[in-house]
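Heads up, the thing below is written out as C-alpha cells.
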Amino acid sequence: MLVSTKWLSEYVNIEGIAVADLAEKITRSGIEVDSIIDRSHDMTNVVVGYVVECVKHPEADKLNICQVDVGEETTQIICGASNVAAGQKVIVARPGAVLPGGMKIKKAKLRGEESNGMICSLQELAIEGKLVPKAYAEGIYVLPESAVPGSDALPLLGLDDQVLEFDLTPNRSDALSMIGVAYEVGAILSQGIQLPEITYTASNEKAEDMLKLRIDAKEDNPMYVAKVVKNVKVEASPLWLQNRLMAAGVRPHNNVVDITNFVLMEYGQPLHAFDYDRLETGEIAVRLAEQGEKITTLDDAERTLEAHQLVITNGKEPVAIAGVMGGLNTEVHDGTTTVVIESAYFAPGSVRRTSRELGLRSDASTRFEKGVDPNRVEAAAERAAQLMAEIAGGEVLAGSVIVDELDKTPVRITVSPDYINNRLGMKIPLEEMLAILDGLQIPTEAVNGKLIIDAPTRRQDLRIQEDIIEEIARMYGYDLIPMTLPVTESTPGGLSPYQSKRRTVRAFLEGAGLYQALTYSLTSKEQAQSYALETAPVTELLMPMSEDRSILRQSLIPHLLEAATYNVARRMESVALYETGSVFLGEQEDGLPQEVEHVAAVITGKWVDHAWQAETKSVDFFVLKGIVEGMMDSLGLVEGLSFEQTVLDGMHPGRTANIFQNGKRIGLIGQIHPTEQKKRDLKNTYVMEMNLAKILAIETDELLYVPVPRFPSSSRDIALVVSSGTSAGMLRDVIRSAGGKLLKDVRLFDLYEGDNVEEGKKSLAFSLTYADPERTLTDEEVVKAHGKVLNALTTEAGALLRG
Amino acid sequence: MEAQLELLKVEALAKIEAASDVKSLNDVRVAYLGKKGPITDLLKGMGKLPAEERPKIGALVNVIRESVTEILEDRMAKLEELAINEQLEKESIDVTLPGRPARTGNHHPLTRVVEEIEDFFISMGYEIAEGPEVEKDYYNFEALNLPKGHPARDMQDSFYISEDILLRTHTSPVQARTMEAKGGAPIKIICPGKVYRRDSDDATHSHQFTQIEGLVIGEDIRMSDLKGTLSLFAKKMFGDEREIRLRPSFFPFTEPSVEMDISCFKCGGDGCNVCKKTGWIEILGAGMVHPNVLKMAGYDPAVVSGFAFGMGPERIAMLKYGVEDIRHFYTNDVRFVSQFHRTEA
Ligand SMILES: [Zn+2]
C-alpha cells in the first residue's frame with residue numbers, strides 16, 4: 001500500500017511532523033513502513049512552459065525547434081518528442097535543473113540549434129512508465145491549459161509529496177484504504193479525522209426505474225448497491241485526480257474509471273462501472289457461472305468459467321467476474337453517457353478462489369479477499385456518484401438499487417482490565433485503556449469493571465480479547481512493557497540422551513577430520529534410492545518445482561557425492577565431509593513416511609598431506625573404517641562391531657562391506673565403483689552411511705574404570721601363511737577364542753603377499769599379549785596358552801606357522 | 001723428589017691443556033692419575049724415603065694429585081659442554097618450516113548457530129523438542145489457527161505430498177505436537193529443524209532452510225516474560241550491549257504478535273549498511289500463544305497462557321558472519337564450511 005502524505009493530509013492533520021518521524025511512529029505502533037519515497041527527488045527549476053511555436057529542425061527529422069514561454073522569457077528548446085506541438089502547456093526543465101537519476105540540464109546546441117532546457121515526459125520525472133496515462137506514454141506530458149507558464153511544475157503534478165510504502169500484515173486490511181490509514185494515524189497522533197462529506201443533487205428520475213437487480217447467489221454476494229449516472233462526459237480526469245492515482249500506484253485512464261479507482265483507494269471498497277447502454281437489458285443479475293461459460297475480460301482475454309465462480313450478468317450473459325475483473329462487452333468508453341456504478345460485498349473465499357483459479361489478482365480482488373467493510377459499501381457508491389457529478393458532469397439518479405442481506409453488526413468483545421494487565425505483565429490504568437480505544441475510535445463502555453467493546457466493522461481483525469490486548473499494548477507502547485522471566489516450576493532442561501549422543505558423534509567425526517555438510521532432503525527420482533542402506537516406497541511431491549527436487553531421499557550419499565564433485569571441480573581435491581540427517585522410508589500407519597536419522601560420510605583425495613617430510617597418503621578403505629570404529633568406540637559400541645564383505649550397486653565389488661553391531665546390520669562402507677567415480681569426475685572415493693537412530697538407541701553400560709595392570713604382561717609374536725582368501729578377522733577370532741582369558745590383546749603387525757610367499761597365499765604376523773591382573777604369569781603358563789593358539793591356527797584356520 | 005713432582009705436574013697440565021676432546025682427556029686422566037700412572041708410582045716408591053720425609057712428600061703428592069684432578073675435571077666439563085654444543089648445533093632445525101597439519105573438521109555454520117541458541121536456552125531450563133519434517137496438514141496449519149482456506153496457507157507456498165500431508169513449512173508443528181502430548185502440563189521447549197517452502201533458490205531464498213522456535217506454556221505467563229527472555233537471549237547471542245525493541249506484527253498462531261529488533265551490533269545503533277541505516281536489525285518473530293492454539297491442544301486459555309518465538313538460523317548466521325548469499329549454506333564448499341572452526345570472544 002502506497003500512502004501519499006499529501007493525500008493523507010486531507011483526512012488527518014499531519015502538519016508539522018517530519019515524514020520520517022511519522023513513519024517511525026506508524027511502524028512502532030503497528031504497521032511497518034518499508035520505505036519513504038520522496039516524489040520530488042529534490043528537483044528544482046522544473047516549470048510550466050507554453051509552446052509558442054514549433055517547427056521541424058532543418059538538419060534532423062525527428063527534432064523540433066520550439067519557442068517556449070517559461071514565464072520570465074520565451075526561449076528556444078529542441079524537443080525530440082513526436083507529440084510536441086504549438087499551443088501546449090508542457091513541463092520544462094530549465095538549465096540548472098537536476099532530474100531524478102542525476103541528469104543535469106545545461107544549455108546545449110543540437111545540430112547547430114541552441115537548446116535552453118528540456119521538455120519533459122513524466123518518466124523523466126521518475127514516474128513509472130506503467131503509471132503514465134496511455135496518451136503520454138510515448139512522449140512528453142501535456143499539462144492542462146490552466147497551467148501558468150513559469151510556475152513550479154512540481155506542485156501542479158503533485159510531486160511535492162512523500163509517499164509511505166506500507167508492508168501490511170494480512171490482518172491489517174483496514175489499512176488498505178486512505179481512510180483506514182487516517183484512523184490509524186489519527187489514533188497515533190491523538191487527534192480526530194475528517195471523512196469526506198458527500199453531497200450532490202440527485203435528479204428526479206429514480207435509479208430503480210432504469211435498472212433491475214437480482215441476486216441469485218446471496219451467500220457469495222450478500223450485498224449489492226447499484227447507482228445510475230446519466231449524461232456523463234467521458235474524458236481525461238482533472239490533474240489532481242490523476243496525481244492522486246499515480247501517487248497510489250494506479251494508472252489514470254478516464255474520469256469514470258479513475259473515479260472508481262480513487263474511491264477504491266480512499267474507502268478500500270472496490271467499485272466497477274458498467275456502460276448502461278452496453279448492458280442492453282437494463283438489468284443486473286448476479287449468479288454462479290455455468291460450467292464452461294465464457295467471458296472476455298477487460299484485458300481482452302477470453303476466460304472459461306467454472307460453476308462455482310460468481311459472475312455479474314445482464315440477465316443473459318456474464319458482464320463481469322464478480323470482484324475480479326469486468327467484461328470487455330460493457331466497458332466504459334469515450335462515447336459512454338450512462339454509467340452503472342457497482343458497489344458490492346463479495347464473499348472473501350469466493351473471490352480468493354476465483355482470482356487464484358484465473359490467475360487474476362488486482363487491487364479489487366486483494367481487498368475483497370480480505371473482506372471489505374460492510375458499512376462502507378453504500379457510502380463508497382455515493383462517493384463515486386458525487387465525484388461523477390462533480391467531475392464528469394453526470395446526473396445522478398435518485399436512490400440506489402440495493403439488495404442487502406449482509407450482517408453489519410459489530411463483534412462484541414468483553415474483557416477485564418485485569419486480564420489485559422495479567423497477560424501483558426503491566427499495570428495500565430483503566431482510564432488509559434479507555435483513552436487508547438477512544439483514540440482508535442473503537443466504541444467501548446466500562447461496565448462493572450469490564451470493558452465492553454463493539455469492534456468497528458472496518459477492523460475485521462478485532463474478534464477476541466487478545467485482539468484488544470494487542471490494540472492496547474501497541475498503542476501504549478511495547479517499550480513500556482517491563483522485562484521479567486517466567487515464574488514456572490523450575491525444570492532442569494537439557495539434551496535428551498539421544499541428542500547428547502548425536503553431539504558426541506558430530507564432535508568425534510569433526511575431531512577425526514570431517515567437515516559437517518548440509519544437503520537437501522529433496523532429490524531426483526534417479527538418486528532417491530541409490531546407495532540406500534534400506535529402501536522402501538518413496539515419498540513424492542504432488543507439485544515439484546523441478547525434477548531434481550521432486551522426491552524425498554532414502555540415502556544421504558548421493559548429495560554428499562555431489563558436494564565432493566563440486567569441491568573437486570574447484571581444485572579442492574581432498575574432501576572429507578559428513579552429514580547427519582533424515583531419510584524418508586515408506587509410509588507409517590499415520591500416513592507419514594518413517595523418518596530415520598542417518599549419518600554418512602564421504603572422503604576423497606589425500607588423507608595425510610605433508611609432502612616435505614614425505615608423509616602423504618591417499619584415502620583408502622581403512623581410513624574410513626578407522627573413523628567408523630572410532631565413532632562407535634566413542635559411543636561404547638565398538639564391542640560387537642563387525643564388517644562383512646558384500647556387493648552393493650554402485651560400489652566397488654571388492655572394497656565394500658556391511659557394518660554390523662551384534663549381528664544387526666547398521667550401515668555400509670566402501671569405495672564408489674570406479675565407473676561411477678568417473679561419471680562424477682572423482683578419483684578414489686570412499687563413503688559410509690549408518691543408521692544413526694538405531695545406533696543411538698542402543699543403551700550402553702555405565703562407564704566404570706578397569707584397574708590399570710599391576711603385573712607385567714608377556715608378548716609372543718606369530719608369523720603364519722594362509723591362503724589369500726582367508727580373512728584377517730577370522731584369524732583374529734580364532735586366536736581370541738583359543739587364547740582364553742589370559743590373552744589380553746591381539747594385534748596384526750605385518751601383512752605380505754608376493755616374493756617369497758607361495759602363489760595364492762599370504763603371510764601375516766600377529767603380536768599377542770598375555771597377562772593376569774592378579775599376578776605375574778609364569779613362562780609355563782604363557783607357553784601353554786600360546787600353544788593352544790598355535791594349535792587352533794593350524795587345525796581350525798589351516799595356517800602354516802613360520803619360524 | 002719434589003722437583004720430580006713439580007715436573008710431573010707441569011707435564012700433566014700441559015697434556016690436559018692439549019687434550020681437545022673428551023676421549024683424549026680421559027687418556028690423560030688414565031696416564032697420570034690411573035693405577036699405573038706416574039703419581040701412583042711415586043706413592044708406591046714412598047717406602048724408600050726416610051720416615052721423617054714421608055708425611056711431607058705424601059702431603060705434597062696429594063696436593064699435586066688434587067690440583068691436577070681439579071684442573072682435569074674442569075677441563076672435562078668444558079670439553080663435555082663443547083661436545084654437547086656441537087651435537088646441538090648439528091640437530092638445529094629450520095623452525096619456519098611448515099608443521100605437520102593436524103586433521104580437523106568443524107560444525108556447519110548453521111549447526112554452530114543452532115547449538116549456541118540451544119545451549120543458551122538449556123541453561124534457562126528448556127528442553128529440545130524435535131518432530132517430523134513431513135507433517136500432517138493438521139499440525140502444520142490447523143492446530144496453529146490456520147484453518148483450511150486461510151490466506152496465509154497458500155497451497156502454492158508449500159510442498160504437498162497429498163491433500164493432508166506436506167513438508168513442514170515451519171517448526172511450529174513440533175510445538176503443536178508437544179502441547180498435545182503434554183496433556184495440559186507446563187512446557188519449556190526449543191524446536192530446531194529443517195523446513196521447506198516452494199521458493200526458487202536465490203541469494204535470499206532457499207526451498208530448504210532451518211528454523212528454531214521456542215515455546216513456554218504455564219499459568220500466568222506474561223508478555224513481559226517474553227520480553228525479558230528475549231532480551232537475555234539477544235545479549236547472550238549478540239553482545240551485552242544489545243538493546244531490544246518489539247514492534248507489532250502478525251502471526252496466525254500468536255496474539256498479540258511482535259517482531260523483535262536488536263540494536264545493530266555493527267554500528268551500535270548509529271546506522272550502517274548492516275542495519276540499513278536504521279540502527280536496528282530484525283531478528284525474530286514472537287508473541288503470546290493464540291487462545292485457539294491453546295484450546296486445540298487441550299489447554300484452557302482462561303487459566304494457562306504462553307509465549308512463542310521463532311527465528312531463522314540462516315539469517316542469524318548471515319548477519320553474524322556477514323554471509324551475503326544463503327546458497328553458501330547448502331553448497332558445502334569446503335572453503336566456506338572450514339571457516340567456521342574457531343572460537344569467538
Ligand atoms: Zn548498523
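Order of the sequence lines fixes the chain letters, A, B, ..., with proteins taken first and strands second; residue numbering starts at 1 for each chain. Basis for what follows: all heavy atoms, side chains included, without hydrogens, waters or symmetry-related copies. Predicted model only: the values in this text are computed from it and were never measured.
Residue Asp479(A) touches chain B through both its backbone and its side chain, counting heavy-atom pairs closer than 4.5 Å. Contact annotation for Ser29(A): only backbone heavy atoms (N, CA, C, O) come within less than 4.5 Å of a heavy atom of chain B. Contacts of Ile31(A) with chain B are absent, with no heavy-atom separation under 4.5 Å from either backbone or side chain. Using a 4.5 Å cut-off between heavy atoms, Ser123(B) does not touch chain A at all. Within the 4.5 angstrom heavy-atom criterion, no atom of Leu509(A) approaches chain B. Interface remark: Arg172(A) contributes no atoms to any contact with chain B (heavy atom separation under 4.5 Å). Residue contact with chain A, scored on non-hydrogen atoms closer than 4.5 Å, involves the backbone and the side chain of Lys136(B) alike. Residue Gln465(A): no heavy atom, backbone or side chain, is found under 4.5 Å from chain B. Of the two parts of Leu541(A), the backbone and the side chain both hold a non-hydrogen atom closer than 4.5 Å to a non-hydrogen atom of chain B. Using a 4.5 Å cut-off between heavy atoms, Ala102(B) does not touch chain A at all. Of the two parts of Ile189(B), neither the backbone nor the side chain holds a non-hydrogen atom closer than 4.5 Å to a non-hydrogen atom of chain A. For a residue to count as touching a neighbouring chain, one of its non-hydrogen atoms must lie under 4.5 Å from one of that chain's; by this rule Leu230(B) does not touch chain A. Heavy atoms closer than 4.5 Å to chain B are found in the side chain of Arg506(A), but not in its backbone. For Glu115(B), the parts sitting under 4.5 Å from any heavy atom of chain A are the backbone and the side chain alike. For Phe329(B), the part lying near chain A is the backbone, with the side chain staying farther off; criterion is any non-hydrogen pair under 4.5 Å. Only the side chain of Pro186(B) comes within less than 4.5 Å of a heavy atom of chain A; its backbone N, CA, C and O stay farther away. Neither the backbone nor the side chain of Pro348(A) comes within contact range of chain B; no heavy atom of the residue lies under 4.5 Å from a heavy atom of that chain. Residue Glu32(A) touches chain B through its side chain alone, counting heavy-atom pairs closer than 4.5 Å. There is no contact between Asn421(A) and chain B, counting heavy-atom distances below 4.5 Å. Interface remark: Ile244(B) contributes side-chain atoms only to the contact with chain A (heavy atom separation under 4.5 Å). With a 4.5 angstrom heavy-atom cutoff, Ser496(A) does not touch chain B via any of its atoms. Of the atoms belonging to Glu615(A), it is side-chain heavy atoms, and not backbone ones, that fall under 4.5 Å from chain B. Using a 4.5 Å cut-off between heavy atoms, Ala512(A) touches chain B through its backbone atoms (N, CA, C, O) alone. Contacts between Leu166(B) and chain A at a heavy-atom distance below 4.5 Å are absent for every atom of the residue.
Taking both residues in full, the closest heavy atoms of Tyr419(A) and Pro301(B) are given as OH-O, 3.7 Å, listed atom of the first, atom of the second, then distance. Contact between Leu495(A) and Ile128(B) at its shortest, heavy atoms only, is CD2-CG1, 3.7 Å. Contact detail for Ser224(B) and Ile481(A): the closest heavy-atom pair is CA-CG2, 3.6 Å. Across all non-hydrogen atoms, the minimal contact from Thr580(A) to Lys194(B) is O-NZ, 4.3 Å. The minimum heavy-atom distance linking Tyr478(A) with Met223(B) is given by the pair CE2-CE, 3.3 Å. The shortest heavy-atom contact between Phe307(B) and Pro486(A) is CE2-CG, 3.8 Å.
In summary, the side chains of Glu118(B) and Gln499(A) do not present any donor paired with an acceptor at a separation below 3.5 Å, with no hydrogens or angles considered.
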For Glu24(A) and Arg245(B), what are the C-alpha separation, side-chain angles and deciding distance, and is it a salt bridge (charged side-chain N to carboxylate O under 4.0 Å, His left out)? CA-CA 13 Å; Glu24(A) 174 73 6; Arg245(B) 71 172 193 187; 3.3 Å; yes
Run the side chain to side chain donor-acceptor pair (under 3.5 Å) check on Tyr566(A) and Thr331(B) step by step: do they pass? CA-CA 8 Å; Tyr566(A) 178 93; Thr331(B) 315; 4.9 Å; no
Report the C-alpha distance between Leu485(A) and Thr229(B) in whole Å, list the side-chain angles of each, state the deciding distance to 0.1 Å, and finish with yes or no for side-chain contact (heavy atoms from CB on, under 4.5 Å). CA-CA 6 Å; Leu485(A) 288 176; Thr229(B) 301; 3.6 Å; yes
Given side-chain contact (heavy atoms from CB on, under 4.5 Å), test His108(B) with Glu579(A) step by step and report yes or no. CA-CA 9 Å; His108(B) 188 280; Glu579(A) 179 172 19; over 6 Å; no
Could you go through His341(B) and Tyr515(A), starting from their C-alpha distance and side-chain angles, then the distance that decides it, and tell me whether this counts as side-chain contact (heavy atoms from CB on, under 4.5 Å)? CA-CA 10 Å; His341(B) 63 280; Tyr515(A) 288 100; 5.7 Å; no
Run the numbers on Val134(B) and Glu595(A) for side-chain contact (heavy atoms from CB on, under 4.5 Å), then give the verdict. CA-CA 8 Å; Val134(B) 182; Glu595(A) 291 184 28; 3.6 Å; yes
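Between the side chain of Asn171(A) and the backbone N or O of Phe250(B), no donor-acceptor pair lies under 3.5 Å.
Of the listed residues Thr519(A), Ile469(A), Leu577(A), Val575(A), the one with more heavy-atom pairs under 4.5 angstrom with chain B than any other is Thr519(A). With chain B as partner, the option from Lys370(A), Glu510(A), Glu369(A), Arg570(A) having the largest number of non-hydrogen pairs under 4.5 angstrom is Glu510(A). The greatest number of non-hydrogen atom pairs below 4.5 Å with chain A, out of Asp119(B), Ile161(B), Leu246(B), is found for Ile161(B). Of the listed residues (Pro291(B), Ala302(B), Ser200(B)), the one with the most heavy-atom contacts under 4.5 Å to chain A is Pro291(B). Chosen from Thr169(A), Asn422(A), Leu424(A), the residue pairing most often with chain B at heavy-atom distances under 4.5 Å is Leu424(A). Comparing Arg247(B), Glu127(B), His107(B) by how many heavy-atom pairs each has under 4.5 Å with chain A, the most go to His107(B).
When side chains are defined from C-beta on, Asn292(B) does not count as touching Glu466(A), because their heavy atoms never get closer than 4.5 Å. Under the 4.5 Å side-chain criterion, counting only non-hydrogen atoms from C-beta, His559(A) is not in contact with Asn332(B). At least one side-chain heavy atom of Leu518(A) sits under 4.5 Å from a side-chain heavy atom of Leu110(B). With a 4.5 Å cut-off on side-chain heavy atoms, Phe159(B) and Met545(A) count as touching. Side-chain contact check for Gln208(B) versus Ser521(A): some heavy-atom pair is nearer than 4.5 Å. Side-chain atoms of Gln516(A) and Val337(B), non-hydrogen and from C-beta on, never get closer than 4.5 Å to each other. The side-chain heavy atoms of His207(B) and Leu522(A), taken from C-beta on, include a pair separated by under 4.5 Å.
The aromatic rings of Tyr520(A) and Tyr330(B) lie parallel to each other, their planes meeting at an angle below 30°, with 60° marking the opposite boundary.
Taking the charged nitrogens against the carboxylate oxygens, Arg103(B) and Asp609(A) have no contact shorter than 4.0 Å, which rules out a salt bridge. A salt bridge between Arg423(A) and Glu219(B) is absent, with no side-chain N of the basic residue lying under 4.0 Å from a carboxylate O of the acidic one. The pair Glu130(B)-Arg502(A) meets the salt-bridge criterion, with a side-chain N (NZ, NE, NH1 or NH2) lying under 4.0 Å from an Asp/Glu carboxylate O.
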